[in-house]
There are 2 protein chains.
Amino acid sequence: MVTISDIAKIAGVAKSTVSRYLNGGSISETTKKKIENVIAATGYSPNKFAQSLKAKRTNIIGTIVPRLDSFATSQTLIGIDDHLRELDCQMVISNSSQDLKREIENIYSLAKQKVAGIILLATEITTEHLEAFRTVQLPVMLVGQQHDQFHSVIHNDYDAAYELGKYILANGHRKIAYLGVTEKDVAVGIKRKEGFRKAVEEVPGSKVRYFETSFKIEHSIQKVPEILEEFNPTIIVCATDNIALGALKAAHMNRLRVPDDLSITGFGGYEITEITHPSITTAKFYYREAGNLAARNMVKLVNEEEINQITFSRYKILERESVDKLK
Amino acid sequence: MVTISDIAKIAGVAKSTVSRYLNGGSISETTKKKIENVIAATGYSPNKFAQSLKAKRTNIIGTIVPRLDSFATSQTLIGIDDHLRELDCQMVISNSSQDLKREIENIYSLAKQKVAGIILLATEITTEHLEAFRTVQLPVMLVGQQHDQFHSVIHNDYDAAYELGKYILANGHRKIAYLGVTEKDVAVGIKRKEGFRKAVEEVPGSKVRYFETSFKIEHSIQKVPEILEEFNPTIIVCATDNIALGALKAAHMNRLRVPDDLSITGFGGYEITEITHPSITTAKFYYREAGNLAARNMVKLVNEEEINQITFSRYKILERESVDKLK
DNA sequence: TTATAATTTGGAACCGGTTCCGAAAAAAGA
DNA sequence: TCTTTTTTCGGAACCGGTTCCAAATTATAA
């Protein structure tokens, strides 16, 4: 284990000179070359614990995820990893297992690890979140939700839903069920619904009914027969692709042909929606790109550079097989 | 930031006494109580960097994953997280992005972080892997592959494939295509095929042809029409659920009813195989349990306790809708 | 050439813990 | 009660770096 003392001795300089070399302090070209050569010859790399202990900072970015087994989370993490890896920053992932209490604990735990900043893949922001972030005093980057006290990278839920709504209406659908989620989740529960509502308000003669389910596929499978019985829409607009997968399964189970008897759309652009039969029309969010943007912005926040309060990642309406053209 | 010096001062003892208390050294009941109370009152927790710097060890377990966006990986990670979290051990995840070179780098990088051990979710073990592990001299736990130089938790690929083969044969299938993957992956590419082969050898009159594709769904979608044209089997046994999803999509695209015209099975028990229409028969592996077992064994290895060279996680044949009963 | 300003360097203290070992205290044995 | 053994305790060195600041060296200006 080569230490800074070894490097200093071999190069014939003081430890503090090597440290200055490593950290951008003043150093002559001659001395710089000497140190460079010794480091290259020995393969030295600094002990991160010693650095962090004295300097009281790290190059660790903490990422808190609500769950490890979701498409959106995985892609976002890959995007974050892509960027942090280039910078020799370490990403530490803290899994909250969809437990808000645990998410708060994770915030404090990451602070204890002296992370340089926290990227939070958020579902909702409670007062406890606010308090924790106030206490730990770290740069915070939200992904997928916005809050006026933090910087965020968000998917354009509103515009995507508006555009998807226009597409659906342009295909002649006027009797529409919207299957949403809890409004505690502002992005998925409120913004997507509002964008969709804006689109239908622009077309007279549309009948829309709003329903609610959870994020779980099984609940969507159970909810759809109720909707069919109560309202009998030509299409179900689902707030997530998982809900859409559940709706597709329910349609098959009820002997409905998709899209002939019932059309279905989702949000997210999960890989599996292209594989199903029929493939599902959806508003695709570029989660990996969002993760990458979040990491870039995080690094800027850490370096105390100015960034936008809100950064949008892209979306794209993927027109596939699951929407019938009625007219 | 409360330090051990603060605790010592308040409790009226030396720093080294507090340290002995924290680390199981000799300490009287009276002194122990004093320190306990001060720690409880102050919420002190030790600085991990200082501990690691001096003690030259950590409670970090490094987990190397081939990719972040796979069902098996996610579930395994959750299982590892479940256990390590209980122990106040930190899990650090290193993503290899399916790049063997990067996987080797990750091994060295984790060693530099003084991880207590490495859990490797492996696809193959090359000589470079062997060399890296020899160099870093850390406890290693493989998941999903076995190798005679390391401890491992594996899915019972052979027995699961044997049992699935028996089930398929019991349903009357005699003209069978097996769609496998590269034999570089011993578990998925060799063991599953061998177990299946054992089953069909026990039933005279079976015609089996073995084909190969990659792990990607798109490749499976392209491969299936070739198989149908060349061999026209009653069933395709796919080496993973993703390959089975591709086969299902290809069947639909070719106007084949599943299971009437073509039956399909997979391996893994991915959540989505229950949602498809028809739901896919598969050999389910308990990835989360495997992750949990791996973490438990890892901790034992770190504590220099004896463990079995190989630990099997469970499997279960999920008989669903995608296999036709021919007789 | 001399004086002044700027740059470079190294020694020492320090970060928050762990570890060692001699001294002191407590417990056990004769 | 005295001697021996065991347990407890604290002081000091140390882990591998960073930081500060005075001294030394180099560069610039008069």
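- Contacts of B/Y287 classified as ring-ring contact (aromatic ring centres under 6.0 Å, His included), with partners at least two apart in sequence or in another chain: B/H155.
- Here the side chain of A/D99 pairs no donor or acceptor atom with the backbone of A/S96 at under 3.5 angstrom.
- With sequence neighbours excluded, the residues forming a salt bridge (charged side-chain N to carboxylate O under 4.0 Å, His left out) with B/D81 are A/R102, listed by chain and number.
- Note on B/V18: nothing from the nucleic acid sits closer than 4.0 angstrom, heavy atoms only.
- The stretch residues 47-62 of chain B touches DNA chain D through B/L53, B/K54, B/K56, each having a heavy atom under 4.0 angstrom from the strand.
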With a 3.5 Å cut-off and sequence neighbours excluded, list the donor-acceptor pairs that the side chains of residues 146-154 of chain A form with protein atoms.
from, atom 1, to, atom 2, distance (Å)
A/H147, ND1, A/Q149, N, 3.2

Write down the protein N/O and nucleotide N/O pairs, taken from nucleotides 20-22 of chain C, whose separation is under 3.5 Å; answer none if there are no such pairs.
none

Identify all side-chain donor-acceptor contacts of residues 295-302 of chain A below 3.5 Å with residues at least two apart in sequence or on another chain.
from, atom 1, to, atom 2, distance (Å)
A/R296, NE, A/N292, OD1, 2.8
A/R296, NH2, A/N292, OD1, 3.3
A/N297, ND2, A/T311, OG1, 3.1

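- Counting only residues at least two apart or in different chains, salt bridge (charged side-chain N to carboxylate O under 4.0 Å, His left out) contacts with residues 28-39 of chain B comprise B/E29-B/K32, B/E29-B/K33.
- When side chains are defined from C-beta on, B/I4 counts as touching B/Y44, because their heavy atoms get closer than 4.5 Å.
- As a whole-Å value, the separation of B/E29 CD from C/dA26 C1' is 15 Å.
- The number of heavy atoms from other shown groups lying within 6.0 Å of CD (A/Q113) is above 12.
- With a cutoff of under 4.0 Å to any heavy atom of chain A, the contacted region of DNA chain D is bounded 5' to 3' by D/dG16 to D/dT19.
- Contacts of B/E124 classified as salt bridge (charged side-chain N to carboxylate O under 4.0 Å, His left out), with partners at least two apart in sequence or in another chain: none.
- Closest-nucleotide positions on DNA chain D for A/S19 and B/G25 were compared, and the one nearer the 5' end corresponds to B/G25.
- Here A/S26 lies in heavy-atom contact (under 4.0 Å) with a base.
- Applying a 4.0 Å cut-off to non-hydrogen atoms, the residues of residues 30-43 of chain A that approach DNA chain C are A/T31, listed by residue number.
- Side-chain atoms of A/R288 never come within 3.5 Å of backbone atoms of A/G79 as a donor-acceptor pair (strictly under, hydrogens ignored).
- The side-chain hydrogen bond (donor to acceptor under 3.5 Å, both in side chains) analysis of residues 57-80 of chain A, with sequence neighbours excluded, yields the pairs A/R67-A/D69, A/D69-B/Q75, A/S70-A/T73, A/Q75-B/D69.
- Listed by first and then second residue, the salt bridge (charged side-chain N to carboxylate O under 4.0 Å, His left out) pairs involving residues 304-314 of chain B are B/E289-B/R314 (not counting sequence neighbours).
- In this pair, A/F71 and A/Y270 present their aromatic rings tilted. The plane angle is within the 30 to 60° band.
- Contact annotation for A/Y21: no contact, since no heavy-atom pair falls under 4.0 Å across all strands.
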